[in-house]
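What follows is a single structure, written as structure tokens, with notes after it.
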Amino acid sequence: MSFAFRQFQSQTTSAHLAQTMALLTLTSAELRQKIDAELANNPALELLEERTCPTCHRPLPPHGHCPVCSRPSSNAADEPIVFISPREDFFAGSGSGTSTEDMPEDNTATATEDLPTYVLRQVAPELDPQDRGLAAYILTHLNEDGLLTTTPLEVARYHHIPLSRVQNIISIIQHADPVGVGSACPEEALLVQLDILAESCEIPPYTREAIEEGLNLLSRHQYQELAHQLKISLTQTKEIAAFISENLNPYPARSHWGDSRDPGNAAMQVFHHPDIIINYLNDQPGNPLMVEIIMPLAGTLRVNPMFRQALRQAEENKMEDWKNDLERASLLVKCLQQRNNTMKRLMQRLVVLQRNFIINGEASLVPLTRAVLSKELEVHESTISRAVAGKAVQLPNKRMIPLSMFFSRNLNIRSVIKEIIERENRPLNDSELVRLLAKQDINIARRTVAKYRAMEGILPAHLRQIPGSSTT
DNA sequence: CTATGGCACGGATT
DNA sequence: AATCCGTGCCATAG
């Protein structure tokens, strides 16, 4: 008896563990799918309409956060507020507000899909069937920046079709999600992005001209020169530069739009919606941080009590199935709680450790490994890995970054290099950078500096001269 | 000759 | 066990 019980116990816990692990890896969008699927074919599971806070189980105002959990705790002002935030609206199919083009976003391959496939799936519906192959062909000729490695003319010649048709297809491709993808050069990509942006917001005058005629000057920060060429003021030129670096991206495949350059790994991961949102309480900088862990559900998930009752009067042959359903349902609910709990503890600690990073930006990132954190939280390191992988975070400045960036070992160094180079007027070579970095207690090899510099998309010293009269 | 980028190796991380 | 990362060595461009 006791043996049987123990066996039962260990079975459930191992299943429990396995499923918690599985749930932990899922992003909020994937979680939504999983739950939807489960709701659809498991009658024992029930979604209560009433919204209660998943953390403290108190009723929730219609569209607000939990009044208890999001209240600043009185004594510790620095303590971040971490809570699970039910945000079904994010996933309500008609998500038209966000930056993404409309996509059947409920598909499984969000994280690991490569760029050509990702784009092709967007453009396919807009194309004639016979043009789809052509689009696929074109998309195989993208470099890692999302730019074309061939020319429309070559494609047309190779396939013996009119140039205009190729151009037409490319134009459609360019308007797909990494906007500007499939352009021939950075200039073209920027112009496409500019066109799209122009529909929804104000653009500084002469931006187009600046891109067309002076991108070289622009990228070398030679504003004086550019202002002269465009016959506009220096202030205007700087405005344009700021606008471009803030809103446009010359290399569509490099994911980040917000800041100047793609930090993190060069892997392009397009995030549709965040899994975690970090903000100041009431949007007031200076207030404690408020961390929302997105739960893609509005109601409360639980085992249907009616089903439990019905089980008693079940027919013999169905009994087995029903029991099974019930088992699965309660397991899911438990595991979901477990997952939320883990995420909460993880973020709680993470936000404390990386507070400066969240507030002040990349340079303040503290080097941190998953192993260290796993020890602190007393969980297995693979748990942290799973929890972190593939998740997106929205920072208070509205930038979207992968959660894994919190564990980046070199991001802070890279941003220091970026700062140094931006501030200096004389182009510094890599060895000089090594020396400057050493002064800030950053000791890395010359070769490594070169690599970081490249990662930041910064040209080598001899190519960013100031007095270079190089025209395009 | 100097500054960089490529390749590949060993150690750390996941 | 697989992957990532920093680095040293070497080839190459200027």
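A note on names: the letters A, B, ... follow the listed sequences, proteins ahead of strands, and every chain is numbered from 1. The figures that follow rest on heavy atoms only: side chains count, while hydrogens, waters and symmetry mates do not.
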Given atom [atom1] of [X] and atom [atom2] of [N], what is their separation to the nearest angstrom?
X       : N       : atom1 : atom2 : answer
R426(A) : dA3(B)  : CZ    : P     : 11 Å
R453(A) : dG6(B)  : CZ    : P     : 11 Å
K451(A) : dC7(B)  : NZ    : P     : 10 Å
Y452(A) : dC5(C)  : OH    : P     : 9 Å
L433(A) : dG5(B)  : CG    : P     : 12 Å
L368(A) : dT14(B) : CG    : C1'   : 13 Å
H380(A) : dT13(B) : NE2   : C1'   : 12 Å
M455(A) : dT4(B)  : CE    : C1'   : 15 Å

Check every atom of [options] against the side chain of [X] and return the nucleotide holding the closest atom.
X       : options                 : result
T369(A) : dT7(C), dG5(B), dT13(B) : dT13(B)
N410(A) : dG5(B), dC5(C), dA8(B)  : dC5(C)
N429(A) : dG5(B), dT4(B), dA8(B)  : dT4(B)

For the residue pair Q174(A) and E188(A), confirm or rule out a side-chain donor-acceptor distance under 3.5 Å.
->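 On atom types as modelled, these side chains qualify, holding a pair under 3.5 Å.
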Got a salt bridge between [X] and [Y], using NZ or NE/NH1/NH2 to carboxylate O under 4.0 Å?
X       : Y       : answer
R414(A) : E362(A) : no
E419(A) : R423(A) : yes
K418(A) : E422(A) : no
R426(A) : E432(A) : yes

May I ask you to say what [X] touches in the nucleic acid, namely base, sugar-phosphate or nothing, with a heavy-atom cut-off under 4.0 Å?
X       : result
R370(A) : sugar-phosphate
R446(A) : base
R386(A) : nothing
I384(A) : nothing
T448(A) : base

5′-ward residue of the pair L428(A)/A371(A) relative to DNA chain B =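 The 5'-side residue here is L428(A).
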Does the base of dG6(C) carry an N or O that pairs as donor and acceptor with the side chain of R409(A) under 3.5 Å?
->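 No, no donor-acceptor pair under 3.5 Å.
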